[in-house]
Amino acid sequence: MPTTRISARVSAISESATLAVDAKAKALKAAGRPVIGFGAGEPDFPTPDYIVEAARQATAEPRFHKYTPAAGLPELRKAIAEKTARDSGYTVTADQVLVTNGGKQAVYQTFATLLDEGDEALLPAPYWTTYPESIGLAGGKSVIVPTDETTGYLASVEDLDAACTERTKLLVFVSPSNPTGAVYSPEQVRAIGEWAAARGIWVVTDEIYEHLVYGDATFSSIPVQAPEIADRCVVLNGVAKTYAMTGWRVGWMIGPKDVIKAATNLQSHATSNVANVSQAAALAAVSGDLSAVAAMREAFDRRRKTIVRMLNEIPGVTCPEPLGAFYAYPSVKGVLGKEIAGQRPQTSAELASLILDEAEVAVVPGEAFGTPGYFRMSYALGDADLEEGVTRIGKLLADAR
């Protein structure tokens, strides 16, 4: 008889570090401690009123009280296709769209649909914590392609090619990036897409931060820049970041029809349809204009400049300028091993724990993203908290010896 209570597959999953840090920060705040959290990847803005009103009205519609198609409301799939053409220039049909329970389900189902046991997935690091876990659950193997601050956290075609083997099935491509805020230029996107097409590998591209780019940076969709990859490309997206709807749980996959049909079959057994009220809210979001995200982007841009300036003023900390999303990814390697508050943290995880205890500031250490020696710091929090939080870190690290 089996002696283990939990399957090896599930036992191997690591807890989401970003959610764990955010939960700990919230628990400490609830206990009365003045903790400032840089961990959560969600806008600090409410969902726009017109989206909330659409959801309110949907609750009174009897058809939304019943099961609806597993792939999503037909009108929402059509609207997502139209929104994709409008925002990125990528033309798809409604039957190439699968509506999922948030972006994470889209990530999981894509890898489950594409990967067989032992298939390799190229994964540039730093990476979002969920990618390697979902790849592993699908039986795949993550092949890490390291990047660092000297290249702006960008992987080159040469880097990717060197990591390729006969087992390589796909590339995970993210621009703008979580956790670094890196944005690939249109030329770089095109070169990587053309390389993947020539190699005959799939590209899974996460575009959820498409509208959060700053300065001269521009968002480019890889199947638009390199049309030859379109038949081997899955685009992931959702309403969470653009419309401040993290809690509504609506994401989607866009891909070749056979892939979407197979993923829909999987979803029909896993969850069936996404909650209909949330789908109605998402329909209002993707069908509306982008004025709400424009206002958020202006605030994020201001905070981006502030956090980069303040972090780079701390001795031993180096922070490249992020060009997208709402994260800074500073290197803290220059601080490790020094005495701080009577301790000598040797890793960024140990330093993050020390900062939480001594400065009451929560950050996510780079170990969570495959690159020890760094922090991910979300600047999707109020201006005053941002400045106070970085000031506290600066005061603590100023005494490092």
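In summary, of the residues considered (T180, T371, N178), a side chain to side chain donor-acceptor pair (under 3.5 Å) with Y329 occurs for T371 alone.
Judged purely by atom type and a 3.5 angstrom limit, S353 has no side-chain atom pairing as donor or acceptor with the backbone of E350. At least one donor-acceptor pair under 3.5 Å links the side chain of T168 to the backbone N or O of T165. With R249 contributing its side chain and G102 its backbone, the two residues share no donor-acceptor pair below 3.5 Å. Between the side chain of T84 and the backbone N or O of I80 there is at least one donor-acceptor pair closer than 3.5 Å. Of the possible donor and acceptor atoms, one in the side chain of S278 sits under 3.5 Å from a partner among the backbone N and O of W248. The main-chain N or O of Y184 is found under 3.5 Å from a side-chain atom of S175 such that the two form a donor-acceptor pair. When atom types are taken as modelled, the side chain of D399 and the backbone of L396 share no donor-acceptor pair closer than 3.5 angstrom. Side-chain atoms of T306 come within 3.5 Å of backbone N or O of R302 as a donor-acceptor pair. A side-chain donor-acceptor contact under 3.5 Å links T47 to the backbone of A244. Within the 3.5 Å criterion, the main-chain N or O of T59 finds a donor-acceptor partner in the side chain of H65.
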What verdict does the side-chain contact (heavy atoms from CB on, under 4.5 Å) test give for V145 and L123, after you've listed the backbone C-alpha separation in whole Å, the side-chain angles of each residue and the deciding distance to 0.1 Å? CA-CA 6 Å; V145 182; L123 183 60; over 6 Å; no
Mind running side-chain contact (heavy atoms from CB on, under 4.5 Å) on F173 and L122 for me, showing each step along the way? CA-CA 9 Å; F173 182 76; L122 300 183; over 6 Å; no
Kindly determine whether L114 and V259 satisfy side-chain contact (heavy atoms from CB on, under 4.5 Å), including the steps that lead there. CA-CA 8 Å; L114 293 180; V259 172; 4.1 Å; yes
Can you list the steps and then say if Q188 with S185 is a side-chain hydrogen bond (donor to acceptor under 3.5 Å, both in side chains)? CA-CA 5 Å; Q188 291 168 320; S185 70; 3.2 Å; yes
How far apart are the C-alpha atoms of D206 and Y131, what are their side-chain angles, what is the distance that settles it, and do they pass the side-chain hydrogen bond (donor to acceptor under 3.5 Å, both in side chains) test? CA-CA 10 Å; D206 192 335; Y131 297 136; 2.7 Å; yes
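Crowding of K141 atom NZ: a count of heavy atoms from other residues, nucleotides or ligands under 6.0 Å not exceeding 12. Counting heavy-atom neighbours within 6.0 Å of E298 CD, excluding the residue itself, gives a total of 12 or less. The number of heavy-atom neighbours closer than 6.0 Å to CG of D231, taken from other residues, nucleotides and ligands shown, is 12 or below. Surrounding NZ of K78 are at most 12 heavy atoms belonging to other residues, nucleotides or ligands under 6.0 Å away.
Residues R304 and L323 are in side-chain contact: their nearest non-hydrogen atoms beyond the backbone lie under 4.5 Å apart. Counting heavy atoms from C-beta on, the side chains of F326 and P43 come closer than 4.5 Å. The shortest distance between side-chain heavy atoms of V172 and W128 does not fall below 4.5 Å. The closest side-chain heavy-atom distance from L351 to V335 is below 4.5 Å. Side-chain atoms of K169 and I201, non-hydrogen and from C-beta on, never get closer than 4.5 Å to each other. Considering only heavy atoms from C-beta on, H211 stays 4.5 Å or farther from F219 through its side chain. With a 4.5 Å cut-off on side-chain heavy atoms, T347 and P372 do not count as touching. Annotation: side chain of V183 is not in contact with side chain of T218 (no heavy-atom distance under 4.5 Å).
Across L98 and A70, no two heavy atoms sit closer than the pair CD1-O, 4.0 Å. In this structure, L381 and G37 approach most closely via the heavy-atom pair CD1-O, 3.6 Å. Taking every heavy atom of both residues into account, E207 and P223 meet most closely at OE2-CD, 4.4 Å. Of all heavy-atom pairs between L236 and V204, the closest is CD1-CG1, 3.7 Å. Scanning all heavy atoms of the two residues, the minimum distance from L283 to A79 falls at CD1-CB, 3.6 Å. The two residues L160 and A155 have their closest heavy-atom pair at CD2-CB, 4.3 Å.
Looking only at atom types and distance, the side chain of S348 has a donor-acceptor partner in the side chain of E367 under 3.5 Å away. Looking at Y374 and Y153, their side chains never bring a donor and an acceptor atom within 3.5 Å of each other. Judged by distance alone, the side chains of T93 and Q96 do bring a donor and an acceptor atom under 3.5 Å apart. D159 and S156 are linked by a side-chain donor-acceptor pair at a separation below 3.5 angstrom, with hydrogens and angles left out of the test. Side-chain contact annotation: Q105 with T100, donor-acceptor N/O pair under 3.5 Å absent. Side-chain contact annotation: Q267 with S272, donor-acceptor N/O pair under 3.5 Å absent.
Checked for salt-bridge contact, R392 and E358 miss the test: no charged N lies under 4.0 Å from a carboxylate O. Checked for salt-bridge contact, K261 and D95 miss the test: no charged N lies under 4.0 Å from a carboxylate O. Using a 4.0 Å cut-off between charged side-chain N and carboxylate O, E210 and R297 make no salt bridge. In this structure, K29 does not pair ionically with E360, as no charged nitrogen and carboxylate oxygen lie closer than 4.0 Å. At a threshold of 4.0 Å, the pair E194-R190 does not count as salt-bridged, since none of the basic side-chain nitrogens sits closer than that to a carboxylate oxygen. In summary, R344 and E339 engage in a salt bridge, as defined by a charged side-chain N under 4.0 Å from a carboxylate O. Remark: D44 engages R303 in a salt bridge, criterion side-chain N to carboxylate O under 4.0 Å.
The NZ atom of K24 sits 5.0 Å away from the CG atom of L356 when rounded to the nearest 0.5 Å. Within the model, atoms CG of L386 and CD1 of I36 stand 9.0 Å from one another, a figure rounded to the nearest 0.5 Å. Atom-to-atom distance recorded for T68:OG1 and N273:CG is 3.5 Å, nearest 0.5 angstrom. One distance of note links CZ of F111 with OG of S142; it measures 7.5 Å at 0.5 Å rounding. Note that the CZ atom of R199 and the CD1 atom of I192 stand 14.0 Å from one another [nearest 0.5 Å].
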In a table with atom names and distances, give each donor-acceptor pair under 3.5 Å that connects a side chain of residues 49-58 to protein atoms at least two apart or in another chain.
residue : atom : partner : partner atom : Å
E53     : OE1  : R56     : NE           : 2.9
E53     : OE2  : R56     : NE           : 3.3
E53     : OE2  : R56     : NH2          : 2.6
E53     : OE2  : Q57     : NE2          : 3.0

Side chains of residues 311-320: which donor-acceptor pairs under 3.5 Å do they make with residues two or more places apart or in other chains?
residue : atom : partner : partner atom : Å
N312    : OD1  : C319    : N            : 2.7
N312    : ND2  : V308    : O            : 3.2
N312    : ND2  : C319    : O            : 3.0

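Centroid-to-centroid, the aromatic rings of F300 and Y209 stay 6.0 Å apart or farther. F375 has its ring centre no less than 6.0 Å from the ring centre of F38.
In this pair, Y379 and Y214 present their aromatic rings tilted. The plane angle is within the 30 to 60° band.
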